[in-house]
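Every chain is numbered from 1, with letters handed out A, B, ... down the list of sequences.
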There are 2 protein chains.
Amino acid sequence: MLSFFTVDCLIFTFHEGKLKVLLTERNEYPYRDWWAMPGYFVDKQEEMEEAVDRIAYEHTGLKNIYLEQLAALAGLKRHPEGRVLTVAYMALVRYEDVKNKVKPVTNYMRQAQWFDITEVPELAFDHNDILQLGLKKLKRNLNYSTAPFALLPEKFTLTQLQQIYEAILGESLDKRNFRKRMSNLGYLKELNEYQTGVSYRAARLYKFDKRKFLKLFS
Amino acid sequence: MLSFFTVDCLIFTFHEGKLKVLLTERNEYPYRDWWAMPGYFVDKQEEMEEAVDRIAYEHTGLKNIYLEQLAALAGLKRHPEGRVLTVAYMALVRYEDVKNKVKPVTNYMRQAQWFDITEVPELAFDHNDILQLGLKKLKRNLNYSTAPFALLPEKFTLTQLQQIYEAILGESLDKRNFRKRMSNLGYLKELNEYQTGVSYRAARLYKFDKRKFLKLFS
DNA sequence: TTTAATAGTGTAAAAAATACACATTATATT
DNA sequence: AATATAATGTGTATTTTTTACACTATTAAA
């Protein structure tokens, strides 16, 4: 009837063409010294959504981020002390907003680090499963989702957008067809601005037009 | 840190061309006399999946049914006695397997009844929200899902299949285009058998070829 | 000026989605 | 036996979307 109650937060970002996930090194039993997703107990008088916001904030310094509920995991054997029911959430953040802010904020974790999603070690608890659930959900919803734009800076290039699609789908896409498809979507705004600071032809920048997106999907 | 822990089970079936949901009338506070989804506390030593199976079994007499986790709801104000975290599951059952078996099996509920999804009353707790989540998920996943075939008898007509699509999508579809699309899927097996007991031209029966489906989607 | 690295672009073919209406079949009714 | 009823089953032309495929343009650095 009664269960311990935690939330875990699968935090993704996008940097240098790669999809990354934020992991923390545990400083507490069980799984001391293992990498794990940020997560902890929900306080007695705290709403679940507040708890996720809090934990994500404590690790990224960001509020009002894109959050989606992924799954509840309640196995009796998840934790040696008895049932610990966890609700896993997925958060997507912009790397620019978050760089240098990433840090563990409690002493039950040692350090926090971004891992390329293709290079994630064996994680504590069932956290590898949760990661797979998150990737699966991103993939399944990709075509009706604002997820890519939550990961990108406000102004981005089509190559960056394509890299996110490729990382989420796990396959490479044809550049011309991808661009054609994106411009047919109707919610990308072409800017008269270009990349700076690159030692090759600068790419045009685009913006996500949220109003047009919402008009199309509701 | 600690929370009460329940599961709720959103049980759908399909009968007489309509998508139906199983509701029970509560005989216990809070929400005594209200209609609600079957749900109850998870026992201390019971796995969550066993609990859902048990509750669904107690209401439908069926084991090994199609189950999907929908969402976890944990609002502090869901229940007057304090936080009751519930994990909602969706179950899809065949009406033929279940008719006359539907019954409440505990005394905290009075009767169980199938409701057309367009005629569901105001429900206890946040159960109307859960129903909407279930329908949304069915809709979103419809094209890659075995859900319609979990609702249909083993042998079914294309009209029945179309009715399920229409109920889930909430719109009517063109018969010829629907049939063309279905036969292009590659996992419907046309039988040399026909409906019986109808007072008009009998429709051809089809079967779902699960092996072909799995080959295509994995 | 050359090299390196990435941006940016078009077309033809195939596949999928859409719009649309009537003849067919089985049973029940008279 | 004829008729009414109720649902089944079918084809085509059009539009839209998806796919396959390779070279020129631009910028900065060497």
Nearest whole angstrom, please: distance from the [atom2] of [N] to the [atom1] of [X].
X        : N      : atom1 : atom2 : result
B/Gln163 : D/dA7  : CD    : C1'   : 11 Å
A/Leu161 : C/dG8  : CG    : P     : 13 Å
A/Phe178 : D/dA22 : CZ    : C1'   : 20 Å
A/Leu185 : D/dT16 : CG    : P     : 17 Å
A/Leu158 : C/dT9  : CG    : C1'   : 12 Å
A/Met182 : C/dA7  : CE    : C1'   : 17 Å
B/Leu173 : C/dA16 : CG    : P     : 18 Å
A/Asp174 : C/dG8  : CG    : C1'   : 13 Å

### Task
Would you please indicate yes or no on a ring centroid separation below 6.0 angstrom for A/Phe156 and A/Phe208?
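Ring centres of A/Phe156 and A/Phe208 not closer than 6.0 Å.
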
#### Entry: Test of ring centre spacing under 6.0 Å for B/Trp35 and B/Phe115
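That pair passes the under 6.0 Å test.
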
### Message
Side chains of A/Leu10 and A/Leu131, heavy atoms from C-beta outward: is any pair under 4.5 Å?
### Response
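Touching, per the 4.5 Å side-chain cut-off.
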
### Query
Once the angle between the rings of B/Tyr144 and B/Phe217 is folded into 0 to 90°, is it parallel (under 30°), tilted (30 to 60°) or perpendicular (over 60°)?
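Perpendicular: the ring planes of B/Tyr144 and B/Phe217 meet at over 60°.
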
Report the nucleotide, chosen from [options], that has the shortest atom-to-atom distance to any side-chain atom of [X].
X        : options               : result
B/Asn177 : C/dA21, C/dG8, C/dA19 : C/dA19
A/Arg201 : D/dC21, D/dG11, C/dA7 : C/dA7
B/Lys175 : C/dG8, D/dG9, D/dA28  : D/dG9

### Query
Do A/Lys180 and D/dT19 have a side chain to base donor-acceptor pair shorter than 3.5 Å?
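Side chain to base: pair present.
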
#### Entry: Polar pair under 3.5 Å, donor/acceptor by atom type, side chain B/Asn184, base C/dA16
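Such a pair does not exist between side chain and base.
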
### Message
Within the 4.0 Å heavy-atom criterion, would you say B/Thr159 contacts the bases, only the backbone, or no part of the nucleic acid?
### Response
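It contacts sugar-phosphate atoms only.
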
### Task
Quick one: label B/Arg179 by what it contacts on the DNA or RNA (base, sugar-phosphate, nothing), any heavy atom closer than 4.0 Å.
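Since a base atom lies under 4.0 Å of B/Arg179, the category is base.
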
### Task
Would you mind telling me which residue lines up with the more 5' stretch of DNA chain C, A/Ser199 or B/Tyr200, judged by nearest nucleotide?
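By nearest-heavy-atom nucleotide position, the 5'-most residue is A/Ser199.
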
### Task
For A/Arg176 and for B/Arg181, locate the closest nucleotide of DNA chain C by heavy-atom distance; then report the residue assigned to the nucleotide nearer the 5' terminus.
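The residue closer to the strand's 5' end, by nearest nucleotide, is A/Arg176.
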
### Query
Is atom OH of A/Tyr108 surrounded by more than 12 heavy atoms (other residues, nucleotides or ligands) closer than 6.0 Å?
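Counting neighbours around OH of A/Tyr108, more than 12 heavy atoms of other residues, nucleotides or ligands fall under 6.0 Å, so yes.
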
